[in-house]
J.: 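Dropping a structure here in structure tokens format, bear with me for questions.
As the structure is a prediction and not an experimental result, all values here were calculated from the model.
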Amino acid sequence: MGSQHSKHEKILPTIELLDNEAHEQFRYLLGRRFHNVSDIIYDLPNDEDEVDRLHLEHFLTRDVWKSNFSSPITPQLEAGCKVLDVGCGPGTWTIEMAMNYDKTSFVGIDISPIFPMEIKPSNVNFKEANILDGIPYPDESFDFVHMRYMFPSFTQMQWEEIVINEIVRVIKIGGWLELCEYELCQNCGPVLESLLSARREMLIKEGRNPEVARILGELMENTQHFDDVCHKTKEIPIGQWAGKIGEVGRDNIVTRMIGIKPALSLFMNITSKQYDEMMQKSIKEFNEYKTFFVTSRWYAKKKVKNTT
């Protein structure tokens, strides 16, 4: 991608904020709270409803994958090492991992301070930070870096020029990087497909790549710090047709789509009520079309950079 990305407009509008403190950290729209960081396009909320969804999404992902990670690092975690979770959200993954591996030190960073600062395991620390400004740790600080479901946060150019390189910088030689991302839903009915088509158009207009989950291995290899990048995928069903796990998948997708309503309904030039009606029709389509979405895990061990 070229320099034209700097010209991409942000769909989420600037609106009147509630008070001075909110002006510094948050913006509000249609009753939802969002971050107020100028260079991050991420358009999902950061309020209590979104925290609940992120908790749900963590348990859904863990149950489908039957694990919290795929990298072969269990011996290091059991012996004690240093782990960074980028875009940790409310810290669900970080805290669960810290409880499972109490000899290892965990750090979670996020632009939104929605993580717990007091009630947490003693081997966990959280820090408010924007990766686009640099991860606030020295080179080669961590044995394992984990990042999940962050594709809506960055443009293609930011992925290529900043995000991957900054993550790799803080990984020790011999340490592991694991990136987990999702693709937009498949086997969609016509109403959901119309919403997702608008979502794709919106992402592309802002310079974001809706298919970034498919190219993360290439981005990792382009740093010349990784060989033999491993890739695994799992399908997450959406709807009662798949039983309990499908119901949880449905709840996750529905609450995610509700979360992006302020931005997407504006982009589609439809009312909040019209958007809600489309969502209700989409829910009915899940079972008929057996809707699902694909999640990917890309992981590899960092080596000395190729110089040839």
J.: May I ask you to decide whether K281 forms a salt bridge with E277, counting only side-chain N to carboxylate O separations under 4.0 Å?
T.: no
J.: Hey, mind stepping through L195 and M268 against side-chain contact (heavy atoms from CB on, under 4.5 Å) and telling me if it holds?
T.: CA-CA 9 Å; L195 286 168; M268 297 175 70; 3.8 Å; yes
J.: Would you name the heavy atoms of L77 and M97 that are closest together and state the gap between them?
T.: CD1-CE, 3.9 Å
J.: Are side-chain heavy atoms of V83 and S105 found at a separation under 4.5 Å?
T.: no
J.: Could you walk me through whether E288 and W241 pass side-chain contact (heavy atoms from CB on, under 4.5 Å), step by step?
T.: CA-CA 8 Å; E288 180 180 355; W241 66 271; over 6 Å; no
J.: List the atom of P121, the atom of I95, and the distance in Å for their closest heavy-atom pair.
T.: CD-CG2, 3.8 Å
J.: Please indicate whether D139 has more than 12 foreign heavy atoms, meaning atoms of other residues, nucleotides or ligands, lying under 6.0 Å from its CG.
T.: yes
J.: Do the side chains of F126 and K120 get nearer than 4.5 Å, heavy atoms only?
T.: yes
J.: Do D227 and K303 come close enough that some side-chain heavy atom pair is under 4.5 Å?
T.: yes
J.: Is the side chain of N125 donor-acceptor paired with the backbone N or O of V107 at a distance under 3.5 Å, no angle test?
T.: no
J.: Under a 4.0 Å threshold between the charged nitrogen and the carboxylate oxygen, would R297 count as salt-bridged to E178?
T.: yes
J.: Please identify which of these residues, K232, E181, H231, meets the side-chain hydrogen bond (donor to acceptor under 3.5 Å, both in side chains) condition with S296.
T.: H231
J.: Could D143 and K82 be called an ion pair, given the rule that one side-chain N must be under 4.0 Å from one carboxylate O?
T.: no
J.: Test your reading of the model: is there a side-chain donor-acceptor pair from R53 to the backbone of T255, 3.5 Å cut-off?
T.: no
J.: How long is the gap from CG on L192 to OH on Y289, to the nearest 0.5 Å?
T.: 10.5 Å
J.: Looking at C81, S71, S70, which hits side chain to side chain contact (heavy atoms under 4.5 Å, CB included) with W176?
T.: S71
J.: For the hydrophobic clusters of this structure (ILVMFWY residues joined by side-chain heavy atoms under 4.5 Å, transitively), does one cluster hold both Y275 and I253?
T.: yes
J.: Using a 4.5 Å cut-off on heavy atoms from C-beta on, say whether the side chain of L203 contacts that of N209.
T.: no
J.: With a 6.0 Å cut-off (strictly less than), is the heavy-atom count around NZ of K103, excluding the residue itself, greater than 12?
T.: no
J.: Measure across P237 and I245 and return the closest heavy-atom pair with its distance rounded to 0.1 Å.
T.: CG-CG2, 3.7 Å
J.: Under 6.0 Å from the ring centre and within 45 degrees of the ring axis: does the NZ or CZ of K234 meet both conditions for the six-membered ring of Y182?
T.: no
J.: Can you check whether M278's main-chain N or O pairs, donor with acceptor, with S282's side chain at less than 3.5 Å?
T.: yes
J.: Take T223 and K305 through the test side-chain hydrogen bond (donor to acceptor under 3.5 Å, both in side chains) and record every step on the way to the result.
T.: CA-CA 8 Å; T223 68; K305 186 174 182 177; over 6 Å; no
J.: Could you walk me through whether E285 and T291 pass the side-chain contact (heavy atoms from CB on, under 4.5 Å) check?
T.: CA-CA 8 Å; E285 292 176 343; T291 305; 5.7 Å; no
J.: Keeping the roles fixed (side chain from R208, backbone from R200), state whether a donor-acceptor pair exists under 3.5 Å.
T.: no
J.: Give, for atom CG of N222 and atom CG of N165, the distance between the pair rounded to the nearest 0.5 Å.
T.: 9.5 Å
J.: Okay, side chain of S112, backbone of I114: is any donor-acceptor separation there less than 3.5 Å?
T.: no
J.: To the nearest 0.5 Å, how far apart are CG in N252 and CD in E57?
T.: 4.5 Å
J.: Hydrophobic clustering (ILVMFWY, side-chain heavy atoms < 4.5 Å, transitive) - are F292 and L184 grouped together?
T.: no
J.: Apply ring-ring contact (aromatic ring centres under 6.0 Å, His included) to the pair F154 and W159, showing each step before the final yes or no.
T.: CA-CA 6 Å; F154 310 118; W159 274 105; 5.4 Å; yes
J.: Show the nearest heavy-atom pair for residues R169 and P138, with the distance to one decimal.
T.: NH1-C, 3.5 Å
J.: CE of M257 to CG of L196: how many Å apart, nearest 0.5 Å?
T.: 5.5 Å
J.: A129 and I109: which non-hydrogen atoms are nearest, and at how many Å?
T.: CB-CB, 4.2 Å
J.: Consider only side-chain N and O atoms of W65 and T295, and report whether a donor and an acceptor are under 3.5 Å apart.
T.: yes
J.: Go through the steps for T61 and W93 under the test side-chain contact (heavy atoms from CB on, under 4.5 Å), then give the verdict.
T.: CA-CA 10 Å; T61 302; W93 183 92; over 6 Å; no
J.: How about NZ on K290, more than 12 heavy atoms from neighbouring residues, nucleotides or ligands closer than 6.0 Å, or not?
T.: no
J.: Looking just at side-chain N and O atoms, do S197 and E193 make a donor-acceptor pair shorter than 3.5 Å?
T.: yes
J.: Indicate yes or no: at least one non-hydrogen side-chain atom of V64 is less than 4.5 angstrom from one of L60.
T.: yes
J.: Is there a path of hydrophobic side-chain contacts, each under 4.5 Å between heavy atoms of I/L/V/M/F/W/Y residues, joining I73 to L177?
T.: no
J.: Could you check D63, T92, T94 and say which one makes a side chain to side chain contact (heavy atoms under 4.5 Å, CB included) with H58?
T.: T92
J.: Are L219 and E160 packed together at the side-chain level, in the sense that at least one heavy-atom pair is separated by less than 4.5 angstrom?
T.: yes
J.: Cluster question for you: counting only ILVMFWY and a side-chain heavy-atom cut-off of under 4.5 Å, with indirect links fine, are M117 and F106 together?
T.: yes
J.: To the nearest 0.5 Å, what is the distance between CG on L264 and CZ on R199?
T.: 6.5 Å
J.: Heavy-atom count check: over 12 atoms from other residues, nucleotides or ligands less than 6.0 Å from K302 NZ?
T.: yes
J.: Treat each ILVMFWY residue as a node, draw an edge where side-chain heavy atoms are under 4.5 Å apart, and state whether M150 and L84 are in one component.
T.: yes
J.: With a 4.0 Å cut-off on N to O distance, would you call R214 and E183 a salt bridge?
T.: yes
J.: Could you give the distance from OG (S265) to CD (Q274), rounded to the nearest 0.5 Å?
T.: 9.5 Å
J.: Are the side chain of Q158 and the backbone of T155 linked by a donor-acceptor contact shorter than 3.5 Å?
T.: yes
J.: So do the side chains of I215 and Q156 get within less than 4.5 Å of each other, counting heavy atoms only?
T.: yes
J.: Would you name the heavy atoms of L266 and P262 that are closest together and state the gap between them?
T.: CB-O, 3.4 Å
J.: Can you tell whether the side chains of K127 and D110 come within less than 4.0 Å, N to carboxylate O?
T.: no
J.: Does the pair E96/R62 count as a salt bridge with the N-to-O cut at 4.0 Å?
T.: yes
J.: Would a 4.5 Å heavy-atom cut-off, applied to side chains only, mark Y101 and T74 as touching?
T.: yes
